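Reading through the structure tokens given below for one structure.
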Amino acid sequence: MFDLATVFEFTRDTVILTVGITAVLASLGVILCSSPIYCALYLISHMICLALLFLLYNAEFLAVVQIIVYAGAVMILFLFIIALLGGRKEVQENSLERSIAFGLIFTLLGELYLSATVGPTKQIEGTINSEMFGTAKAIGLELFSKHIVAFELASAVLLVAAVGVICLAKFSFTPLKRR
Amino acid sequence: MDLDWVTEFLNELWGFTVQSLTDNVLLIVGSVKAIVIAVAVMSVVPALVWLERRLMGRFQVRLGPNRVGPFGFGQPMADTIKLLFKESIIQSSADKFLFHLAPAVVVFTAIVAFAVIPFGAPFEVFGQRIELWGANVNSGILFVFAISGMGIYGMVLAGLSSNNKYSLMGGLRSSAQMISYELTLGLSALSVIILTGSLSLIDMVEAQETVPFILIQPLAFLLFFIAGVAETNRAPFDLPEAEQELVAGFHTEYTGMKFAMFFMGEYINMVTMSALVTILFLGGWNSYGIPIWPIVAFAGKVLFLLCVFIWLRSTFPRIRYDRLMTFGWKVLLPLCLLNLLITGTIKVL
């Protein structure tokens, strides 16, 4: 008779592997596709695959945030810009760069294979609270205790960037008359 | 003839079946619930179309559809059959793959978002605890926002792939509008999250056992509801499909069932949004002393909110695009932040 636990372990591994391979294929699609709309779509599917991977490793909150921030907000702006500028297909002229890119990718893959087989992997240090693992609470506690300075600095930098964008956009156009 | 091995095999098979059934009872219950929720949500759409047309008729002092079947209830069926059998036309300049993908994305995200909505208190049948929700996700409300955020892609892709100026403008409008109002939606829900201290929708309902949050957070309720109407692209915020300006917006080029799928997505989103407002502010399945089943209380509240959606549509004229943006960014968002500040301060004190 089958051992059900092994069956489920096997399915879980298969799912993880499938999602991971899909993520890699999608990211390849981003580079190799010539139409900007499809590039953006490949990037979105890559983000979704990453979120699924987070989910499969029980990091629920991270998965949802990944979808909201990257797949939801950032990529919709990408598509918005593509729609505004008109997504024309780019013509691929020189195959030299393409072959270099392919070479790079395969080198990276070889590197990955080497590090997977030869290089030792290090254990993660520190304790993981298994009860709170992956929840918003755990991330919040970590973020607002250990990394508070970096977090606040990042928020300040983002604010500066937002103000900068408004300044740049505002002064290069004549202000619209309020109707 | 010796049939021992057959009986042994059958015994083993039976044992394995029973074993796997008892081991996977959660999986089976989950699958059944998923199917029930998906079918229920999809079959609610024709009823909702009927309700909308009847109510709109009354609001505009006319009868509405009343010829097909009792109270015109056969009308949605007739419409559905018509849409199913219509020829699907795709213009040759369209991007075929995206053109097919867009309505699927809209319907898929709309149904999936409903998966975490709890619509009744848990009860026990045959010693098995049956919970009336698809999944108890720890960050349930974020899940709903994430999935409904993905729904925008359906509209944008429809606009992009149709190769039509009106469709493109509709898609652009929908993305801009939904990004703007998603902020208000999230921030007004944040005040409820502060009050309950949890992202789970079930915890939120349980926190409102004595008082619904609409009494504690009336401003947040109002903001959430306005943003919710805008998120579902309903009038007066139906800019993406404004008939008078954009023919039909992002779904101008769609015919037959693909056209109907956009409508399905919109109506399912309406139900999800009503359910979300019910859970966050109206106390979910709590009936506050009125002796009815929890699920009936929940359904009644959702139905009332759906009627309000339809009522809004027949009352307000469409808001102009620039005013929509100004309203979202300069009125709703500051009010949200102010409300959040006050709620947070009170909570800390």
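None of these values were measured; they are calculated from a predicted model. Residue numbers begin at 1 in each chain, while the letters A, B, ... track the order of the sequences.
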Reported [atom1]-to-[atom2] distance for the pair [X] and [Y], which is rounded to 0.5 angstrom:
| X | Y | atom1 | atom2 | answer |
| --- | --- | --- | --- | --- |
| L41(A) | Y153(B) | CG | OH | 8.5 Å |
| L79(A) | M155(B) | CG | CE | 14.0 Å |
| I68(A) | M150(B) | CD1 | CE | 11.0 Å |

So for atom [atom1], which belongs to [X], do other residues, nucleotides or ligands contribute more than 12 heavy atoms lying within a distance under 6.0 Å?
| X | atom1 | value |
| --- | --- | --- |
| K96(B) | NZ | yes |
| Y38(A) | OH | yes |
| F99(B) | CZ | yes |
| E8(B) | CD | no |
| Y321(B) | OH | yes |
| K347(B) | NZ | yes |

In terms of heavy-atom pairs under 4.5 Å with chain A, the winner among V156(B), L101(B), L172(B), I147(B) is L172(B)

Please test L199(B) against F61(A) for side chain to side chain contact (heavy atoms under 4.5 Å, CB included), starting from the C-alpha separation and ending with a verdict.
CA-CA 10 Å; L199(B) 291 169; F61(A) 181 72; 4.0 Å; yes

Test side chain to side chain contact (heavy atoms under 4.5 Å, CB included) applied to E60(A) and L142(B), step by step:
CA-CA 10 Å; E60(A) 216 172 60; L142(B) 287 181; over 6 Å; no

Who among I67(A), V65(A), I48(A) has the most heavy-atom pairs with chain B under 4.5 Å?
I67(A)

Which atoms of L98(B) approach chain A - backbone, side chain, both or neither, heavy atom under 4.5 Å
both

